[in-house]
Every structure is written in C-alpha cells, then in structure tokens.
Protein chains: 2
Amino acid sequence: MTENVRRSDATRAAILRAARERFAADGYERATIRAIAADAAIDPSMVMRYYGNKERLFAAAADFDLRLPDLTGLPRHAIGEIVVKHFFDRWDGDETLIALLRAGTTNPAAAERMREIFARQLGPVVARAARGAKGPTAEQRAGLVASQILGLALTRYVLRFAPVVALHRDQLVAWVAPTIQRYLVEDL
Amino acid sequence: MTENVRRSDATRAAILRAARERFAADGYERATIRAIAADAAIDPSMVMRYYGNKERLFAAAADFDLRLPDLTGLPRHAIGEIVVKHFFDRWDGDETLIALLRAGTTNPAAAERMREIFARQLGPVVARAARGAKGPTAEQRAGLVASQILGLALTRYVLRFAPVVALHRDQLVAWVAPTIQRYLVEDL
DNA sequence: GCATGCAGTCAACAACTGTTGGCCTACGCT
DNA sequence: AGCGTAGGCCAACAGTTGTTGACTGCATGC
C-alpha cells in the first residue's frame, strides 16, 4: 500500500454508505449484510473482514454528529426556529439519524447510541442556553426537546403520517419552533 | 363445542397476550412465533392454526382503541392536560400501543395500522375540539399532536432516555400539556 | 523474477426463521 | 358405548441469516 491511502478505503466507504442506506430504510434486523454488500457491489465476506460483525458495522455506520450550533448570544425569540430548522437540515442531508431512529426501537445497542448522542451533544448546548431559566434541569429540558424533535422525525420520516409528510418544512418549523423554544429557555 | 364458548378461546387469548408482550418488547422481526408460543405454553403450530401467519397474528394483536374522550364542552385551558394524562393512562394500562410503536418503525403493515389508528381515532376528536381555531387544518393539528405524543412515548418507553424515564408522569404532564393544548385548540 | 501480502471471490457451515402436514388424544354428542 | 371432531403436539421443510475459511489474482517489495 502507499503511505497514506489504502486501496481498500474506497470499498470501506462504499460499505458504510450502503449500510447507512439499508439501516435507514429497513432497520437493524431487516438490513442484511448480504443486501448491504450487494449495494456496495462486493462480497458479503468483505463486510466481515473490514467491520468484524454486524453490530460493529452498525456502530461504524451510526456515528453521528448533530452539529448543533452554539445558542449563547442569540436572540431568545429566534432560538426555537434555529434549532428546529437545524434538525431538518441534518435529517435531509444525512440519513444516519433516521437509521439510528429506525434501529433504536428494536436494537439495544442502537438505542444506547441514540441516548449517548443526545446526552453528549444536545445536553451541553441546552445547559448553556437554559442558564437562568426556572423549572426543569438542563437534562430534563434536553429530554423534552428530544421528545418533540424525535417525534417529528418519527411521524414524518418513519411512520409517514400523511398530514405531517405533506406539510412544507417551513410550515412545520413555524408551528413547532415555539414548543422547542419553550422547552429550551422559558420558565416552566 | 358448546354454543357460545369454544374450548380453544383460552388458548387464543393466551397467544394474543403473549404476542402483545413480545411485540412490545422486541419489535416485529425479533418477536418470533416460537417465542410467543413458548410464552403461551403451546406449540408454535397452534399459532399458525389460529391466526394463519405472523402478519395476521400481529394485526390481531395490534388492534387498539385509544379510547379518546370527547373534548367538546370542556374548559379550553384543561384540554391539554386531559389529553396528555389520558395517553399516559393508555400506555401504562396496555402495552399494545408500545408494540405498535416498536413494530411500526420496521414493519410497513404496522406503520399503516399506526397511521390508521391516529387518523381514524385522533382525527375526529381533534376536528371537533379545534372548531373555530385559526391556522392548521384539523388533520394537521392531529399530526402535530401525534408528533409530540409519540415522541414522548418513544423517548420514555422505547429509547428510554434517562431524564424522561426518571421524571414523574405528573411532572411530564405539566410541561407537555401546554404544547398539546396549543396544537389542539389555539390559533397558530 | 520471484516471493510476500493484500483485495477480493466462492462455497459452505450452523443456527434460526415462518410454515406445513401428519398424528395422537380426549371431549361431547347421540 | 361408540364415534366424530376439535385441540394439541411432533417432526420436518425450505429459505434466510450471520459468519468462516480456503482459494485466486495482482501489485509491490527485494
């Protein structure tokens, strides 16, 4: 191999891309290694060679960064809208979070990963934004935000409730933003 | 058999009870017919005899009535609390809805059943309650309510986010009720 | 030019799945 | 008492799954 780039890196990436697609579309158990390998146009045994087993493949495919912006210093009345818009951007730009949502309902490791992502990434952001607000702790506020955000993803992208799917995202943002804002920074 | 009661009715009920438990705990694909039969202390082939196949068994086990109360005539300021409390009662008293939630993320038939339940049972109730309120249509309001309610069930009973699990239900009701109230009856 | 090692393929394994059909048993009617 | 039949069990099927190990080609080092 050359110094920096292994010849197999392209294959590894193809596997990961196919895995995210399949996990997002089918959930953990129905996304078979054979199907993922077929999508990546390689042999199933390569998946095993590079990722060991299915659980580790999922762990690799489900590495996700919410990329939450810093909310300190922003005008309070705009925070809800910014957060909801941001989540829509992440969902539309990367199906990994949908994969985690689908897999997390049946696979314990995926659920744990989901908890970890929201605790470690959403938690601190909420803690800073909610400083001084009365009522729930920062963790509790993060939990409330997660419930509304994930419920939105669930009904729109997974269960596909007709009215939620049909609505334009800007319209959804306008109606849901005040909820998030309340959970985030208002006295409760 | 006697006129009204077949001897097999007890078995049928045991199968259904075991099926609900397993579907709620494991989701659709990981809840195997063999495991359900073992829980009901009978042979797997009996499940097939009484319910035909796995999909029909699920359809029978996932028959669910939200039992939503009529909201007309209630004081507007109490509606949110009543609705959220009601859903907590249904979740805690019957795991069928959790089974539907778990299965709905990976099984298309379960997702369809979920859409059907919310459209047919939540839809009309919202339509009556929201009469006269400006903004979203009744279906859209029902979608918003579903997103928050299901998000709450998801984070508390399925993904088990620590802060949401630890909170007492009365505390959750107090914080979430205004959101539901807004989605239900307020001008948006 | 030849050995080394890596990328990739092929075929098979053992376990598990939903599902089927045949068989036994015991209740309930006449 | 005798018999039909419904309730139940056993064993097996075909397909699919994750996973493994032996094999082939090919590029790169000496």
Side-chain angles (χ1 to χ4, degrees), chain A residues 1-62 99 102-103 106-110, chain B residues 1-62 99 102-103 106-110:
Chain A
M1 61 174 175
T2 55
E3 277 300 304
N4 303 329
V5 183
R6 279 170 304 190
R7 210 154 27 100
S8 61
D9 282 352
T11 305
R12 295 181 117 94
I15 293 173
L16 228 50
R17 193 170 350 114
R20 288 206 183 91
E21 263 179 53
R22 284 284 173 178
F23 282 131
D26 300 336
Y28 187 81
E29 18 273 330
R30 300 185 20 155
T32 68
I33 290 191
R34 281 172 165 85
I36 291 167
D39 288 358
I42 46 108
D43 192 88
S45 65
M46 294 304 294
V47 178
M48 306 304 293
R49 174 161 351 196
Y50 290 139
Y51 294 97
N53 59 33
K54 189 179 181 180
E55 208 164 291
R56 280 207 290 267
L57 169 64
F58 179 81
R102 268 227 167 79
T106 52
N107 183 269
Chain B
M1 62 179 174
T2 56
E3 278 299 304
N4 302 328
V5 182
R6 279 170 303 187
R7 208 155 27 100
S8 61
D9 284 352
T11 305
R12 296 180 116 92
I15 292 173
L16 228 49
R17 193 170 350 112
R20 288 204 184 92
E21 262 178 52
R22 284 282 173 180
F23 284 131
D26 300 337
Y28 187 81
E29 18 273 330
R30 299 185 22 156
T32 68
I33 290 193
R34 281 172 165 85
I36 291 167
D39 287 358
I42 46 111
D43 191 87
S45 64
M46 296 302 296
V47 178
M48 306 303 295
R49 172 159 351 196
Y50 289 139
Y51 294 97
N53 59 34
K54 189 179 181 179
E55 207 164 293
R56 279 207 290 267
L57 169 64
F58 180 82
R102 267 228 167 77
T106 52
N107 184 269

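Chain naming here is simple, since letters A, B, ... match the order of the sequence lines and numbering starts at 1 in each. Since we're looking at a predicted model, the values are computed, not measured.
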Which atom pairs, donor and acceptor, lie under 3.5 Å between side-chain atoms of residues 27-37 of chain A and protein residues at least two apart or in another chain?
from	atom 1	to	atom 2	distance (Å)
A:Tyr28	OH	A:Glu55	N	3.4
A:Glu29	OE2	A:Thr106	OG1	2.3
A:Thr32	OG1	A:Ala35	N	3.0

task = For B:Arg22 and B:Asp39, work out which heavy atoms get closest and say how close.
result =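 That would be NE-OD2, 2.8 Å.
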
Between the protein and nucleotides 17-20 of chain C, which nitrogen or oxygen pairs are less than 3.5 angstrom apart?
from	atom 1	to	atom 2	distance (Å)
C:dG18	OP1	B:Lys54	NZ	3.0
C:dG18	OP2	B:Ile33	N	3.2
C:dG18	N7	B:Arg34	NH1	2.6
C:dG18	O6	B:Arg34	NH2	3.0
C:dT19	OP2	B:Lys54	N	2.8

Side-chain (A:Tyr51) to main-chain (A:Arg12) donor-acceptor, under 3.5 angstrom =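 At least one qualifying donor-acceptor pair exists.
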
**Report entry** Most 5' of B:Ile42 and A:Arg49 on DNA chain D, judged by nearest nucleotide
**Finding:**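 Result: B:Ile42.
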
Taking atom [atom2] of [N] as reference, at what distance in whole Å does atom [atom1] of [X] sit?
{"X": "A:Leu57", "N": "D:dT19", "atom1": "CG", "atom2": "P", "answer": "10 Å"}
{"X": "A:Asp9", "N": "C:dA7", "atom1": "CG", "atom2": "C1'", "answer": "12 Å"}
{"X": "A:Met46", "N": "D:dC23", "atom1": "CE", "atom2": "P", "answer": "18 Å"}

message: So, taking the atom named CG in B:Asn107 and the one named CZ in B:Arg102, what distance separates them when rounded to the nearest 0.5 Å?
response: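 Here the rounded value is 14.5 Å.
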
For this session: To the nearest 0.5 angstrom, please state how far the OH atom of B:Tyr50 sits from the CG atom of B:Asp9.
Result: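 So the OH of B:Tyr50 and the CG of B:Asp9 are separated by 8.5 Å.
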
**Report entry** pair A:Leu57-A:Leu16: side-chain heavy atoms closer than 4.5 Å
**Finding:**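 SC-SC contact between A:Leu57 and A:Leu16 confirmed.
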
| Contact class for B:Tyr50 vs. all strands (heavy atom < 4.0 Å): base, sugar-phosphate, or nothing? |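 Sugar-phosphate, no base atom in range.
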
